[in-house]
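Reckoned from all heavy atoms, side chains included, excluding hydrogens, waters and symmetry mates. This one's a predicted model, so the numbers in the text were calculated from it and none came from an experiment.
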Amino acid sequence: MKTAILGPAQRAEALARMAERELDILVVGGGVVGAGTALDAATRGLATGLVEARDWASGTSSRSSKLIHGGLRYLEMLDFALVREALKERGLLLERLAPHLVKPVPFLYPLQRKGWERWYAGSGVALYDAMSVSSGHGRGLPVHRHLSQKRALRVAPCLKRDALVGALQYYDAQMDDARYVATMVRTAAAYGAQVANRARVVGFLREGERVVGVRVEDVEGGGDYEIRAQQIVNATGVWTDDTQALIGERGQFHVRASKGIHLVVPKDRIHSTTGLILRTEKSVLFVIPWGRHWIVGTTDTDWDLDKAHPAASSADIDYLLEHVNEVLATPLTRDDVEGVYAGLRPLLAGESDATSKLSREHTVAHPLPGLVVVAGGKYTTYRVMAKDAVDEAVHGLDQRVADCVTEDVPLVGAEGYKALWNARARTAARTGLHVARIEHLLNRYGSLTEELLELVVADPSLGEPLAHADDYLRAEAVYACTHEGARHLDDVLTRRTRISIETFDRGTRSAREVAELIAPALGWDDDQVEKEIAHYRKRVEAERESQRQPDDLTADAARLGAPDIVPL
């Protein structure tokens with residue numbers, strides 16, 4: 001299979017090709033579900049297109065807890081089917097589909113009462129492990145273990161002694177959510193899908209009752225395209241209702257947005273060798289290992305303001321700090337927070353007024369001939385959602401279509417990853433890079449690391465780390481634009497890398513170096529470089545200001561003080 005390149009030229013070509021002839025399936029929405037749907041359709045041999053109004057994963061799919069998990073708390077809700085499905089998907093991702101991107105991560109669950117709580121929680125975790133193994137794809141993770149208070153404090157010295165009487169330790173998995181989506185888009189393109197970001201659907205084409213295509217605005221180039229397809233799949237997440245409104249159809253269900261915020265703090269602020277999972281009065285709180293950092297989250301509150309830029313308020317940040325500090329021997333303060341990000345979960349409305357109790361199941365509907373809608377669900381089960389959406393769309397195609405094969409289709413970079421991992425010391429010796437750098441690259445790009453190393457061979461200066469974000473090589477910024485579809489400085493600093501949340505300056509000190517690195521790949525002149533830097537700095541300042549506001553309304557107003565680099 002030839003690896004697809006998502007550079008500026010390929011994007012322009014994809015838009016032109018989509019407009020040339022009718023597609024079998026056009027997917028609207030470039031988050032994890034939309035990308036998964038495009039991959040599913042393309043690997044069934046269907047002529048497939050994928051368009052996204054902003055950047056790949058720019059919405060919910062880059063702002064999650066970055067966990068691939070079965071949802072341990074759903075066992076308590078007796079939602080065994082959802083947990084079983086998610087555990088199977090977790091195993092597939094770890095073992096077969098994306099071992100370079102999805103990694104095991106341990107969690108410690110502190111017990112606060114002797115006796116019954118250990119039995120109750122232990123039974124749940126044991127069932128969780130058993131369901132994982134019974135799925136046929138869970139044998140790669142260690143099983144849970146019971147710890148005494150003394151052993152738990154040895155594993156997590158950060159905890160207050162009086163915060164636990166013992167603990168359980170179990171395993172789940174994690175990934176970089178935005179990187180995962182970008183990799184999946186490249187995989188879909190490698191199997192023939194035509195893909196274009198910054199291509200906004202502004203209307204639908206209809207013939208009578210039937211939806212036959214979309215009108216797309218090229219937000220970058222300013223052109224307009226009519227793209228026709230036998231079936232359109234609306235996979236726009238929290239924007240589902242807005243997309244349906246373009247057709248004048250409310251749809252058969254309603255999607256509500258629930259805001260979740262996360263804090264990023266340096267590794268040395270929490271002394272632990274394991275992640276933590278804590279109960280709150282509303283939900284659960286995770287402390288998740290993240291390279292040289294920890295991610296602390298999340299909240300779960302209703303949100304009906306700007307969907308593109310959900311804002312974290314001062315109250316949100318205080319909530320997380322207050323709850324995590326209940327168990328930490330050395331409390332976290334505002335000064336410890338490197339990064340803050342807020343995301344919106346698309347929840348199917350109707351079951352309850354509380355967003356924490358809304359369904360995490362997904363729904364697929366065919367409200368009009370030629371239009372399929374998929375919504376709800378959770379990141380871990382994106383592949384199942386994509387399969388169901390394409391299965392539904394196939395009913396409207398006048399041809400025989402193969403069954404779903406994505407259970408056996410690894411993402412690009414997975415093939416050969418383990419062999420390259422075993423040879424990482426030799427790769428380091430060959431390239432002159434430290435073995436830790438090679439490990440970092442392999443866990444972000446898998447076997448595609450060789451493409452990135454070719455850039456370094458052509459220009460050795462790209463093998464140097466970024467001056468103010470030295471976890472990343474200069475080559476990674478260039479590669480984001482030449483191969484991974486990044487179109488703007490914000491795309492690189494926020495989604496292709498995580499510099500925007502992993503540095504105390506939020507990436508502002510890296511902005512000029514990165515902008516000048518990527519300018520040749522994107523054809524920028526000096527004026528555009530300055531515009532990109534100014535925009536990024538305004539965005540960071542607007543976010544900082546929003547995080548000083550007391551509530552959602554004032555935080556939203558502050559965040560909207562910085563316009564998008566491309567007006568939408």
Test item: side-chain donor near acceptor, [X] and [Y], under 3.5 Å:
X      : Y      : answer
His362 : Thr381 : no
Ser500 : Arg495 : no
Tyr382 : Glu89  : no
Arg559 : Ser546 : no
Gln231 : His366 : yes
Gln549 : Asp556 : no

Practice task
In sequence, state the C-alpha distance, the side-chain angles, and the governing distance for Leu285 and Leu320, and then conclude on side-chain contact (heavy atoms from CB on, under 4.5 Å).
Solution key: CA-CA 8 Å; Leu285 184 73; Leu320 289 181; 3.3 Å; yes
Do [X] and [Y] come close enough that some side-chain heavy atom pair is under 4.5 Å?
X      : Y      : answer
Arg345 : Thr298 : yes
Val340 : Arg506 : yes
Ser313 : Ile317 : no
Trp290 : Gln174 : yes
Val238 : Arg256 : no
Trp239 : Val255 : no
Ile288 : Leu67  : yes
Asp176 : Leu101 : no

Practice task
Could you walk me through whether Asp218 and Arg11 pass side-chain contact (heavy atoms from CB on, under 4.5 Å), step by step?
Solution key: CA-CA 10 Å; Asp218 179 356; Arg11 174 186 170 278; 2.5 Å; yes
So which heavy atom on [X] is nearest to which on [Y], and how close?
X      : Y      : result
His293 : Glu502 : CE1-O, 3.2 Å
Val51  : Met18  : CG1-CE, 3.9 Å
Val412 : His100 : O-NE2, 3.1 Å
Ala515 : Leu489 : N-CD1, 3.9 Å
Glu545 : Ala558 : CG-CB, 3.9 Å
Ala542 : Ala562 : CB-CB, 3.6 Å

Identify whether the distance between the nearest side-chain nitrogen and carboxylate oxygen of [X] and [Y] falls below 4.0 Å.
X      : Y      : answer
Asp388 : Arg383 : no
Arg17  : Glu13  : yes
Glu85  : Arg90  : no
Asp177 : Arg63  : no
Glu52  : Arg198 : no
Glu20  : Arg228 : no

Side chain of [X], backbone of [Y]: donor and acceptor closer than 3.5 Å?
X      : Y      : value
Arg215 : Tyr225 : no
Trp303 : Asp306 : yes
Thr48  : Leu46  : yes
Arg210 : Gln230 : yes
Asp40  : Val390 : no
Asp491 : Arg487 : yes
Gln10  : Gly7   : yes
Ser64  : Ser61  : no
Thr240 : Ala375 : no
Lys378 : Ile68  : no

Checking [X] now: which residues fulfil side chain to side chain contact (heavy atoms under 4.5 Å, CB included) with it, not counting sequence neighbours?
X      : answer
Ala389 : Thr37, Val233, Val374
Ala480 : Glu484, Ala486, Val492, Arg496
Asp318 : Ser314, Arg334

Handout entry: Sole candidate of Thr508, Thr494, Asp564 that passes side-chain hydrogen bond (donor to acceptor under 3.5 Å, both in side chains) when paired with Arg539
Key = Thr494
Completion exercise
Test side-chain hydrogen bond (donor to acceptor under 3.5 Å, both in side chains), reference His488, set Lys531, His535, Arg54, Glu220, output is Glu220
Gap between atom [atom2] of [Y] and atom [atom1] of [X] - 0.5 Å precision:
X      : Y      : atom1 : atom2 : result
Leu39  : Leu411 : CG    : CG    : 7.0 Å
Ile232 : Ile25  : CD1   : CD1   : 9.5 Å
Ile247 : Asn234 : CD1   : CG    : 7.0 Å
Leu246 : Asp241 : CG    : CG    : 11.5 Å
Thr183 : Leu97  : OG1   : CG    : 13.0 Å
Thr299 : His323 : OG1   : NE2   : 11.0 Å

Handout entry: Qualifying residue for salt bridge (charged side-chain N to carboxylate O under 4.0 Å, His left out) with Lys259, from Asp552, Asp302, Asp300
Key =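 Testing each of Asp552, Asp302, Asp300 against Lys259, the sole residue satisfying salt bridge (charged side-chain N to carboxylate O under 4.0 Å, His left out) is Asp552.
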Exercise for the section: Report the C-alpha distance between Asp316 and Gln547 in whole Å, list the side-chain angles of each, state the deciding distance to 0.1 Å, and finish with yes or no for side-chain hydrogen bond (donor to acceptor under 3.5 Å, both in side chains). Expected result: CA-CA 8 Å; Asp316 292 327; Gln547 292 155 20; over 6 Å; no
Exercise for the section: Please work out which of the three classes, parallel, tilted or perpendicular, describes the rings of Tyr379 and Tyr180, given edges at 30° and 60°. Expected result: perpendicular
Handout entry: Crowding at CG, Asp403 (>12 non-hydrogen neighbours, <6.0 Å)
Key = no
Exercise for the section: Please indicate whether Glu207 has more than 12 foreign heavy atoms, meaning atoms of other residues, nucleotides or ligands, lying under 6.0 Å from its CD. Expected result: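 Atom CD in Glu207 is not crowded, with 12 or fewer foreign heavy atoms closer than 6.0 Å.
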Practice task
Go through Asp408 and Arg96 one step at a time and tell me if the side-chain contact (heavy atoms from CB on, under 4.5 Å) criterion holds.
Solution key: CA-CA 7 Å; Asp408 298 305; Arg96 182 186 303 167; 2.8 Å; yes
